[in-house]
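The residues of the chain are indexed from 1 along the displayed sequence.
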Amino acid sequence: MSQLALLDSLTKSYPEDDDGTLDCGASAYTCAFNRCGTLLAVGCQDGRIVVWDMLTRGITKTFTGHVYAVASVCWSRNGRQLVSSAWDGNVFVWDVVSGDRLICFHFPSHPFKVQCHPKINSLFLVCTAKHSPALVDLSTDEYKALPTEHESD
C-alpha cells in the first residue's frame, strides 16, 4: 500500500455514533450479506428470516416456514436464492424475488450451518450436529453425505 493511500484513509471522516439499528421484532441468531452487500438476511429466534435493504434501511422481504430458531442463512452466488437451516431439522431454499419456498430437505440432526458454493449456484453444504456434512445438489434435488476422516479409518 502506498503512503499516499494510507494517509488518505486516515484523513477520511467516519461517523462517531451508530446511525441506527435494524429491528426485526425478534432476536437475531444469524445473518449474511448478499455478494453486493446491499441486502442482509437475518435469521431470527422465532423461525423467520428477514431481508433488509441496506440502502433504504427497510425490510424488503420476510420468509416464514421454520418452526424453531434459524441457525444459518446463505445467499446463492447469483443472489436469487437464499438457503436457511433451523433447529427444526429443516433446510429450505427460498426464491428471493417471489418469497416462495422452492424445496425443503429434512435432516435427522440439527443443521447448524449452510454454505453455498462460491461458483456453482446449484450446490450448497449442510453441516449437522451428529452426522457427516452433506453436499446438496439442487439440479437433482438430492444430497449425499461427504466422507470424513473418522469414516475412512
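- Taking every heavy atom of both residues into account, G79 and V96 meet most closely at O-CG2, 3.7 Å.
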* Asked: Can you list the steps and then say if V114 with V136 is a side chain to side chain contact (heavy atoms under 4.5 Å, CB included)?
  -> CA-CA 10 Å; V114 290; V136 179; over 6 Å; no

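- W75 places a side-chain N or O within 3.5 Å of a backbone atom of A32 that can act as its donor or acceptor partner.
- Listed by chain and number, the residues in a side-chain hydrogen bond (donor to acceptor under 3.5 Å, both in side chains) with S139 are D137 (sequence neighbours excluded).
- Side-chain atoms of Y29 and V70, non-hydrogen and from C-beta on, never get closer than 4.5 Å to each other.
- A continuous path of hydrophobic side-chain contacts links M54 to V50 [ILVMFWY only; heavy atoms under 4.5 Å].
- With hydrogens and angles disregarded, no donor-acceptor distance shorter than 3.5 Å links the side chain of D100 to the backbone of L102.
- H106 NE2 to D88 CG: the interatomic distance, rounded to the nearest 0.5 Å, is 8.0 Å.
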* Test side chain to side chain contact (heavy atoms under 4.5 Å, CB included) applied to Y68 and H110, step by step -> CA-CA 11 Å; Y68 293 107; H110 305 306; over 6 Å; no

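- The minimum heavy-atom distance linking C116 with C74 is given by the pair N-SG, 2.9 Å.
- Ring geometry for F63 against W94 counts as tilted: the plane angle lies between 30° and 60°, on a 0 to 90° scale.
- The main-chain N or O of K119 is found under 3.5 Å from a side-chain atom of H117 such that the two form a donor-acceptor pair.
- Side-chain N or O atoms of K144 include none that pairs as donor or acceptor with a backbone N or O of L135 at under 3.5 Å.
- Between I49 and A41, the closest heavy-atom pair is CG2-CB, 4.4 Å.
- The two atoms that bring C104 and N90 nearest to each other are SG-OD1, 3.7 Å, heavy atoms only.
- With a 4.5 Å cut-off on side-chain heavy atoms, F92 and F105 do not count as touching.
- The OG atom of S76 sits 4.5 Å away from atom CD of Q81, with the distance rounded to the nearest 0.5 Å.
- Panel note: side chain R48, backbone T64; no donor-acceptor pair is recorded below 3.5 Å.
- To the nearest 0.5 Å, atoms CZ (R101) and CG (L82) are separated by 13.5 Å.
- The hydrophobic clustering, which links ILVMFWY residues whose side-chain heavy atoms are closer than 4.5 Å, places F112 and V67 together.
- Judged by distance alone, the side chain of N121 and the main-chain N or O of R77 form a donor-acceptor pair under 3.5 Å.
- Clustering ILVMFWY residues whenever any of their side-chain heavy atoms sit less than 4.5 angstrom apart, transitively, puts F124 in a cluster other than the one holding I120.
- Counting only distance, with no hydrogens or angles, the side chain of S132 and the backbone of P147 share no donor-acceptor pair below 3.5 Å.
- Criterion: ILVMFWY side-chain heavy atoms under 4.5 Å apart, direct or through other members. Under it, I103 and V83 are part of a common hydrophobic cluster.
- Residues D53 and L39 have side chains in contact (heavy-atom distance under 4.5 Å, counting atoms from C-beta outward).
- Applying the side-chain hydrogen bond (donor to acceptor under 3.5 Å, both in side chains) rule to T30 yields no partners; only residues at least two apart in sequence or on another chain are considered.
- Listed here is the closest heavy atom pair of G37 and N34: N-OD1, 2.9 Å.
- Using the six-membered ring where Trp is involved, F107 and Y143 have ring planes that are tilted, between 30° and 60° apart.
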* **Evaluation steps, side chain to side chain contact (heavy atoms under 4.5 Å, CB included), between T60 and W52** => CA-CA 6 Å; T60 61; W52 284 88; over 6 Å; no

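- At least one side-chain heavy atom of L138 sits less than 4.5 Å from a side-chain heavy atom of V93.
- Counting all heavy atoms, side chain and backbone alike, P111 lies closest to S85 at O-OG, 2.9 Å.
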